[in-house]
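Have a look at the structure below, then the notes.
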Amino acid sequence: MYGVQLDQLASALGVSEARARAIVAGWRKRRLAESARLGPGAPWIWLTRAGLASCGLAYSPAPPALGRLAHLRAVTAVRLALEAASGYAAAGAHWRGERRLRARAGGRVGLREHFPDGEVHWPSEAAVAWADECWAIEAELTRKTVSRTAAIMRELLTRTGDYGCPAAEARVPGRPARHARVLYACAPAAVATVARARDALGGASVRIEIRSLPPDAALPPPAGLRVGPVRIATGRAATRRAATGPAAAQPAAAQPATAQPATQPAAQPAATGKARTQPAATERAAT
Amino acid sequence: MISRWLSLLAVRAAARLALRLIKIAAAVVLIIAAAPVSVCAGISVGAAWLAGWQPARLYRAALWCAPMVAVWLAAIAARHNVAGLVQAPYQAWLAMWRHGAAGAYPAAAAVIAPAAIPLGLAAGGLAWSYRIRSMQAGSGGLAPSSAVAFDLRQWRHQARSARARIAAPGSVPLNSPNGDLIAGAVIRAVGHPARRTAVIPYQRMRSHQVVIGTTGTGKTTLLLRLWAGFVASALRRHAAGSGSLPLLVVLDCKGGGDARRIADRARRVLRAAGAASTAVWPDEASLSLWALPPGQLITTLVDLIEHGTGGAAYYADVMEAVVALAVEAPPGPPRDTADFLARLEPGWLTMAYSAAEHDDAHALIRAAARQTGDIALRFRTLFRRLGSGLDGPGGFGDADAWYCILEGTAETSVAESQARALVDLLASYATAAPGGRGQAGGRRQILLAVDEFSAVSRRLPIWQLYERARSLGLAVQVSAQSWQGLAADEDERYRIAAAADGGIWLLRTPHPEPVTALAGSRTVTDTTRRLLGVPLWSHQGTSRMRLAPVVDPALIRALDVGQAAYIYRGGATYVQVKRLVAAPAAVGSRTAETAARTVAAASPRRQEPAAGRDGRPVEPIPPGLTELLDEAFGTETAP
């Protein structure tokens with residue numbers, strides 16, 4: 001994912017929108033993040049090159065694509081809903097976003113490869129029956145054809161290799177599948193198609209879970225759309241609040257330090273105690 | 001008489017000695033008197049010798065001192081008057097000696113520095129220039145061999161400086177501020193401007209180039225840098241609105257595991273350069289031969305089958321007629337291999353051309369009915385050997401870069417057919433009208449890089465590729481391990497090298513003479529010296545002008561790894577190529593580990609029960625899973 005809306009960022013940080021706005025202002029002042037009102041609803045925030053670098057990420061900095069705003073919001077909503085579930089945090093699961101998967105794949109052309117919207121990795125030591133599993137997450141807003149959806153499901157269920165692995169290892173017959181389950185979070189318009197595609201899979205359909213998207217996953221209606229930079233306070237007081245304000249933002253930003261594996265560099269700022277001034281939480285939500 | 005003659009000789013010798021001593025003494029006095037300038041000049045000459053700099057660099061350094069001198073003079077004019085400016089250097093010199101006599105050495109240095117540093121640098125530049133010229137002319141040094149030793153020593157110093165320059169982070173970026181490609185640090189330039197970095201204008205990357213270098217000389221590193229530089233420059237121009245999107249197509253005609261390793265490295269390097277996607281053909285991506293226009297498809301299909309001349313030409317004509325019937329059949333061109341093979345059957349063709357207006361086609365079908373089965377057999381065999389790489393889906397427009405691996409070493413005949421098909425596909429893509437079937441191929445700037453194309457060029461001579469590319473506006477970059485690997489015969493090699501108007505990159509190779517000869521010659525001064533007695537030579541002799549090769553073949557044979565000579569327009573620049581560091585490769589080994597911990601694969605064709613780490617089946621819906629999902633998303637959605 002490439003960006004996050006302010007209200008979702010506030011949810012991720014566990015703070016109010018006003019507080020999240022001040023935090024973003026601090027990031028903007030330090031040129032770690034950019035924000036703009038790209039579509040209906042709250043402004044979007046995304047990391048600049050410096051922000052990505054401070055999180056230890058080598059992605060190409062870019063604002064969220066306008067055509068994907070609804071999808072990005074839906075995926076973030078799915079992630080927030082999962083992370084809010086008590087079993088998720090207790091098990092120490094962690095999210096691996098599409099952007100990270102694509103980055104792992106490098107410049108590999110996507111002619112034959114479908115990337116899920118995210119992956120959830122359950123640690124082996126978790127006290128749940130699905131410990132050590134990897135789930136593929138798909139957020140479906142629009143209706144595809146049944147055959148296309150079924151093809152994507154098959155691809156996810158039969159993949160054996162990690163994203164970015166040599167092509168010869170992507171699907172090795174007889175080797176255990178990468179995704180133990182696929183979770184589809186669907187908008188009402190897409191539920192029927194996804195369900196029919198699941199039925200078309202036969203025995204493998206037991207590994208497909210279909211749920212509704214969270215209520216706040218949809219973008220608000222486009223009435224009153226205003227495109228342009230957002231006025232976010234960048235004054236000294238706002239910056240000071242962002243840098244030294246109440247520790248409300250700290251738990252949400254520090255949480256990934258324990259939840260994410262060591263290979264996830266986004267956890268580094270939190271681990272060094274600079275979570276309040278680093279955009280790791282945005283990146284955690286955005287990746 | 002004899003004693004008087006001997007006395008005269010003695011007097012002349014004594015006078016010469018005295019004159020020489022006076023000269024030396026005057027020089028020593030001058031050096032001591034102008035000690036600050038002398039010290040600065042000595043240091044600058046020493047630095048230039050150690051780093052292999054050109055005198056121009058010392059002159060530029062002297063010019064960069066101009067602001068310091070201006071401030072110094074302005075301060076003097078402000079304190080005294082304008083007339084005091086004339087005496088300023090002399091007064092500074094006097095003050096320097098006074099401070100020196102008092103033991104205040106830092107103050108002495110500070111007082112004289114504004115005047116001494118620029119003068120010292122300029123004097124050092126002159127002295128270094130004199131030294132270089134005298135060595136190049138052969139008149140310097142104690143022995144005639146001194147010039148050779150000096151040149152070799154300077155090469156070592158220049159190469160060491162270039163290596164240090166590329167090792168410094170950020171000193172050699174991929175592109176210059178105006179978007180040109182930077183290949184590396186300049187070691188030495190002959191007939192080219194002496195710059196610190198080797199800047200290759202983008203337009204030269206849009207022209208034909210040749211790269212020659214044996215294995216292990218850094219050829220792949222150079223090629224990767226050139227490809228990445230081309231992509232980055234073109235993307236930058238495209239972003240600025242002054243050019244179209246780039247397309248890089250690499251034909252690796254050797255194949256094998258090495259080609260795949262290079263493909264992976266190329267992908268990561270190109271990714272860092274801005275190429276969003278790199279397709280590796282045929283391992284990971286495919287192209288559709290059937291996307292060719294019908295007329296071109298017929299030609300390509302017929303050329304894919306090897307057929308002889310003489311009596312065999314009859315069968316070639318029959319084959320072409322049958323293929324044309326199959327491709328131009330009323331239902332439209334074939335969609336894929338299976339569709340095409342199904343058409344190579346008299347019954348299918350008769351049905352397709354059943355309408356009354358196809359009487360000519362019916363006659364052809366009847367006449368070729370006996371051979372149609374043989375033709376189908378040959379094509380069936382060909383497509384089985386070619387594999388699925390040309391059966392789609394996909395086209396060159398789907399990626400920013402294509403790395404095509406042809407097994408020219410292991411399966412030459414197959415690779416030849418693949419090369420022929422790929423070139424036809426690329427030509428069709430390049431000539432496609434914007435927005436047409438070729439997905440706007442006519443709007444992209446295409447660089448076709450072929451490595452060891454001679455391995456597969458039996459049925460598509462490389463000069464033909466050159467000519468064809470020129471007419472299509474493609475740039476072709478041909479690379480080979482040796483002069484002989486460039487093409488099959490000498491005439492073809494010269495045609496390729498002579499047409500490389502974007503320059504020739506020459507790395508270490510055992511037989512560089514044909515290429516160095518193409519670089520031309522330059523005029524040098526050749527000086528003879530009188531032998532006084534071994535090991536003494538006088539500084540008297542005669543000089544003459546002679547022609548020497550611009551590129552020394554012996555130097556090419558001695559090039560180190562990563563060093564290359566860029567030959568262009570009668571000059572050569574020796575470059576220490578800067579290696580591009582790509583992002584780390586994806587960790588493939590994690591695949592097995594991770595997968596082993598998850599559940600078993602369920603093939604779309606053959607459903608297998610999911611299995612756990614130890615092979616036991618896992619429950620489809622384990623306890624607690626529904627509760628977790630219900631908590632996050634609500635109850636399961638019913639369609």
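Order of the sequence lines fixes the chain letters, A, B, ..., with proteins taken first and strands second; residue numbering starts at 1 for each chain. Quick caveat: nothing in here was measured; it's all calculated off a predicted structure. What's counted below: heavy atoms across the whole structure, side chains too, no hydrogens, waters or symmetry copies.
The minimum heavy-atom distance between B:Leu625 and A:Trp130, with the atom names listed, is N-CZ3, 3.2 Å. Across all their heavy atoms, A:Arg102 and B:Arg271 have their closest contact at O-NH2, 4.5 Å.
Contact count versus chain B (heavy atoms, under 4.5 Å) is highest, among A:Tyr184, A:Tyr88, A:Trp122, A:Trp135, for A:Trp135. Among A:Thr193, A:Val78, A:Val128, the residue making the largest number of heavy-atom pairs under 4.5 Å with chain B is A:Val78.
Heavy atoms closer than 4.5 Å to chain B are found in the backbone of A:Ala84, but not in its side chain. Contacts between B:Leu270 and chain A at a heavy-atom distance below 4.5 Å are absent for every atom of the residue. For A:Ser86, the parts lying under 4.5 angstrom from a heavy atom of chain B are both the backbone and the side chain.
Within 6.0 Å of CZ in A:Arg143 there are 12 or fewer heavy atoms belonging to other residues, nucleotides or ligands. Around the CZ atom of A:Arg49, the shell of radius 6.0 Å holds no more than 12 heavy atoms that belong to other residues, nucleotides or ligands.
Residues B:Phe633 and A:Leu183 meet the side-chain proximity criterion, which asks for heavy atoms closer than 4.5 Å. In this structure, B:Asp630 and A:Arg211 have side chains that are in contact, with non-hydrogen atoms separated by less than 4.5 Å.
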